[in-house]
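Order of the sequence lines fixes the chain letters, A, B, ..., with proteins taken first and strands second; residue numbering starts at 1 for each chain. Just so it is clear, the structure is predicted and the values come from calculations on it, not from any experiment. Values below: every heavy atom of this structure, side chains too, minus hydrogens, waters and symmetry copies.
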Protein chains: 4
Amino acid sequence: MHFGSDNCAPVHSRVMDALMRANQGYATSYGDDTIMDRVRARFREVFEAPEAAVYLVGTGGAANALALATYVQPWQAIYCHRDAHMETDECGGLAFYSGGATLALVDGSQGKLAADALASAISATPQGDVHAVQRGAVSITNASEAGTVYSCDEVAAISAIAKRHKLPLHMDGARFANALVTLGCTPAQLSWKSGVDVLSFGGTKNGLMGVEAVVMFDPALAWEFELRRKRGGHLFSKHRYFSAQMEAYLTNDLWLNTAHTANAMATRLSAGLSSTPGASINYPTQANIVFATLSRARHRRAMQAGAVYFLMPMDSSLEGPDDEMLAARLVCSWCTTEAEVDQFLQLLRA
Amino acid sequence: MHFGSDNCAPVHSRVMDALMRANQGYATSYGDDTIMDRVRARFREVFEAPEAAVYLVGTGGAANALALATYVQPWQAIYCHRDAHMETDECGGLAFYSGGATLALVDGSQGKLAADALASAISATPQGDVHAVQRGAVSITNASEAGTVYSCDEVAAISAIAKRHKLPLHMDGARFANALVTLGCTPAQLSWKSGVDVLSFGGTKNGLMGVEAVVMFDPALAWEFELRRKRGGHLFSKHRYFSAQMEAYLTNDLWLNTAHTANAMATRLSAGLSSTPGASINYPTQANIVFATLSRARHRRAMQAGAVYFLMPMDSSLEGPDDEMLAARLVCSWCTTEAEVDQFLQLLRA
Amino acid sequence: MHFGSDNCAPVHSRVMDALMRANQGYATSYGDDTIMDRVRARFREVFEAPEAAVYLVGTGGAANALALATYVQPWQAIYCHRDAHMETDECGGLAFYSGGATLALVDGSQGKLAADALASAISATPQGDVHAVQRGAVSITNASEAGTVYSCDEVAAISAIAKRHKLPLHMDGARFANALVTLGCTPAQLSWKSGVDVLSFGGTKNGLMGVEAVVMFDPALAWEFELRRKRGGHLFSKHRYFSAQMEAYLTNDLWLNTAHTANAMATRLSAGLSSTPGASINYPTQANIVFATLSRARHRRAMQAGAVYFLMPMDSSLEGPDDEMLAARLVCSWCTTEAEVDQFLQLLRA
Amino acid sequence: MHFGSDNCAPVHSRVMDALMRANQGYATSYGDDTIMDRVRARFREVFEAPEAAVYLVGTGGAANALALATYVQPWQAIYCHRDAHMETDECGGLAFYSGGATLALVDGSQGKLAADALASAISATPQGDVHAVQRGAVSITNASEAGTVYSCDEVAAISAIAKRHKLPLHMDGARFANALVTLGCTPAQLSWKSGVDVLSFGGTKNGLMGVEAVVMFDPALAWEFELRRKRGGHLFSKHRYFSAQMEAYLTNDLWLNTAHTANAMATRLSAGLSSTPGASINYPTQANIVFATLSRARHRRAMQAGAVYFLMPMDSSLEGPDDEMLAARLVCSWCTTEAEVDQFLQLLRA
């Protein structure tokens, strides 16, 4: 019963197999391995984007920071949701990588940037006024931190606003696969066809050991990205092991299947909680994360029985009145089982 | 016959086994895994440094940049050898991570910082003059880029100069194991007992998939290092796979054995070249790298027969007069075999 | 009738005289002039702070950025009001000088940081969580951008919260003199006795040509400040002309007299507007700035008659319905006259 | 007898008069003053460059750092002379403003970059190799730190090398006027007609209070420069006083006359020293700086009699053997008199 994070899950066996297969003899280092050639081709195929530049890095923080730093100037603002990972969980990495760019925090319900709030925020940034931080880029997270999903139309609406102001659109897709399987659209539809210029494409949370891709649909800034990646210490010498993970991920729909499982388990969990008296669901469950509110007594019982997950806010305590209602973040992963979910639900209902 | 780089070698099978073993069930992410507890303890034991702070990152560039950025201010100089990796091969990563610190390049034969040149360079940096970049830290590479090794006495002599000016001493130990097995001393002797304050401890070039450690013998700046690592995108979520690699490395002397093999192969290669008419060795072969000079005709023959290595400088060409002498960098790794070495020597002698 | 900004006013004649007097023969450059010795002594006397470090720079933006960058780390947050000058008018200079520190925007009515909102914001910053930006410093502006003034008690309340979290308190005192004459307290009371650690002490808006001081009540970080100032290109070679301005400013209460005039004119203007039908005052007028709301027709009439001032927000237009109410920012300076104020009021009442 | 620095000289009376004249009534702030319009027009006329972008800042360090940061990327190298002001005297300001660009130090006799050494240095920077710092820009100082002057042909030769590699050429013209009057060419000839792309045009050392211009002959990057200037805290609010100084400077050839005087005094001093037994001149005297070698006994006598100047290196001491030869840097300014020079020479000859 581990719902702490999809980061706590192990690596999929097909990925481990791929690492083993890659571990033969010598290979050219620093991204010039032949597996990477195949990975690049596969990305272009999957995304129907024959010109796209594709790079691998080891963490989502690096993917976001390197991607956006390539698209903004130090004196510009990146419009993102108030709860975006880059605001709350990357220790200011964006400011570091960009040389001081600002995150302009925008509101929006259910963890998603509201289009009108975005439009207002951009308009509120003075245009051509040397005293003010300038308009830089827009970033959205899909699936969001709240476990909700932007539809292609919603992405396109955000993109239309960005484009009206000539701003590039970045998508933090640490859980891109989870969003995709929910929507049932194509990768191209959820990205460049909806106006996404650069995508952080997650793998680690969805079965890999530690690889994310950055996909730039227009390769104009590719060389700059490469220099930023190297300079940031994110160009791995034994790169073939990054490539091998990503190749396995994109082979035989592994990435979609693992995301499908994680989402299905979250749906099962959410449905079970909905029908549990005294429990409520905080956001629509559209990906692999469930936010639910339960009494402290129930949290205590569950955790004492071995369930692992976070209360929200994170400094909430199991100490206190039994009947106080506390929110929980419950994350399912590719290896979550129906048995785990059902055991957890049973515990709560006991 | 692959002497291109120890980065091109595969991962040792015991490391792959460790990754497999680590791949069971859920684990706490972001460095709080239980394997890391054992790795930390093991480092402290190996280095006889019970207080040392120990962190893992994925690349040598990250290790060097994060380590030194923690010890210097943006307006300070880091004294290092003119051919140091951080000067020639990290795309200015030190300046990036430190917020603009300067590399003050110091001369020295055989790839090693000359103590007197270091003393002169430090003295030449005006003290207390607000117009000038200030004195910051000293960094040496052991084994060096030239394949030579600083003895403990030589490290202590460098350290004495640094300490006289109250400057911390960093050691880039991407090939620390190679230096250690050459010297036959203890890790403590080659590091803190000789005055090293912070060590980049290599693993990747010596059999790991992609893990380096940063060891801070005085843990005073540990928290700052953690924040810098996170902010730089170098804190891996599925950290257990970093820990597992490093644990395998430090178990049953794997790291010393792999380094021993690499060094022995370089010694064999160097000896063979020394006795090859028309070939000359450029630096004493003290670790796993051999620099040798041969005629272009021989390089051409070797490469056409499948030998892989770099000419130095890297833009040297196989096109040109046959009898022009060109330098080569030949790197041995933990998986280089006697057969490979001998085949290469035979080729050259043919 | 120029109420555009106190930056548009000329230099006081006693300051020009001082510049003339300073313009004799040779003088040591880069801050080692003898006038600066007197200025430093005078500051220490005026602030009853015999240990204070005192430095001069040319702009308020430089004073704020250099002062705060000296007190925070790149991964830290500076808590300031949502409308603080450093957020709205310095083009991200704080992020630049600090290497990426974040402004954490806090609410508060009348342009002043609310103590409880500050306490909440600090508490909301996770403590010791490596994923989050860390707590860094608190900054308040006195007099504020809204023309209001923090009392010594209010400053002390803010400081108490900062100190509880071991955070330094910075005061942006671009209009420190205006606040001081309103409160009638001593400079020490409004600064270090109320818990201010470092002060940007304005001069330019109050009769100088272009000089601000940074006063660090604890000189521990003085040398770091000097290096940051030099590195930022803000150490002026012919520094005696900075010193001379500041000396004149602090002589015979010039600074208090000019601020007194500016405040008195604002009070007269505010009172006049209050008694003007159809006009309303938006904030209590406590310094030299008046925010008032009038119909577009009246703004049009005033501006056509030569009055100069800004509508707020700045992109408001004189085009539009006559009776729409629009806010104006009206700034008085040391050279504003009663005649100007009265002429303006007459215009509006016509 | 003050030969310490041209920074120690006072402000020319015509400049003070201009400041007085500018000190009338209100003026638009932040560079939108009407005097600046005239200054801009005058620069374009003087430089025969009707499209040039022209900006004023307060220090030479700011001019250099802002100018070059606008033309290079953080991962690029700026090729400059080993003794360039930006290397020795700006506390790493270039690295700060550029986000970490590197100064690649190039040799050259008499304080001037040698064309062949520059060509070698550029070629030695690997092209298109992601591991290495990239080629960025070339910067030369005219007149140089050694008091020598690049002819237009020499500038053009440097520029040809830069252009061959598509690198912009920056000229640090803190003493541009001194170089110009020596050469007798036009400002256009010594700048854009010889291939200079961006010029730091000095004023402070040549009679102003503290103003330098940055002239970008191609205005494409003008807006970026404006943002960098603002962000760096270098956009002065009461800008009219910058404009007024610069207008006076460019009126009736004041700038050329003051430079002519300074140069003539240096020539007189140099000639006098040449004919003084036991004295020798270290570099050709081509601007307003003389480097000469004299015995310690003579230095002691001169300084005890009130002469002010620096020994080189700066930590040289008057303590020591009488007959040891020590170098001196002697700087003349617009206010140096023949009497001062002759008195000094007499002292040495006594």
Side-chain angles (χ1 to χ4, degrees), chain A residues 28-33 36 53-57 65-66 68-77 92-102 125-136 166 214 219-239, chain D residues 28-33 36 53-57 65-66 68-77 92-102 125-136 166 214 219-239:
Chain A
T28 310
S29 51
Y30 293 117
D32 292 332
D33 51 289
M36 185 61 202
V54 180
Y55 298 105
L56 305 183
V57 296
L66 288 168
L68 274 163
T70 304
Y71 283 84
V72 302
Q73 295 294 325
W75 47 83
Q76 292 181 337
L94 230 319
F96 173 51
Y97 273 94
S98 64
T102 302
T125 310
Q127 181 77 317
D129 172 359
V130 81
H131 301 272
V133 164
Q134 306 293 303
R135 301 166 184 176
K166 298 192 170 42
V214 172
L221 298 175
W223 176 236
E224 175 172 336
F225 182 91
E226 289 197 49
L227 288 160
R228 289 185 178 275
R229 177 176 60 163
K230 173 63 195 178
R231 185 170 169 81
H234 286 289
L235 175 57
F236 275 62
S237 57
K238 291 184 171 173
H239 187 278
Chain D
T28 310
S29 50
Y30 293 117
D32 293 332
D33 52 290
M36 186 60 203
V54 180
Y55 298 105
L56 304 183
V57 295
L66 288 167
L68 274 163
T70 304
Y71 283 85
V72 300
Q73 295 295 324
W75 47 83
Q76 291 180 340
L94 231 317
F96 173 53
Y97 272 94
S98 64
T102 302
T125 310
Q127 180 79 316
D129 172 0
V130 82
H131 301 271
V133 164
Q134 306 292 302
R135 301 167 184 175
K166 298 192 169 39
V214 172
L221 298 175
W223 176 236
E224 175 172 335
F225 183 91
E226 289 196 47
L227 289 159
R228 289 185 179 275
R229 178 177 60 163
K230 173 64 194 178
R231 185 170 170 82
H234 285 290
L235 176 56
F236 276 62
S237 57
K238 291 185 171 173
H239 187 278

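For the pair D:Val130 and A:Leu235, the tightest heavy-atom approach, listed with the atom from each and the gap, is CG1-CD2, 3.8 Å. Considering all non-hydrogen atoms of both residues, D:Trp75 and A:Arg231 come closest at CA-NH1, 3.6 Å.
The closest side-chain heavy-atom distance from D:Tyr30 to A:His131 is below 4.5 Å.
Ranked by heavy-atom pairs under 4.5 Å with chain A, the list D:Gly99, D:Gly100, D:Pro74 is led by D:Pro74.
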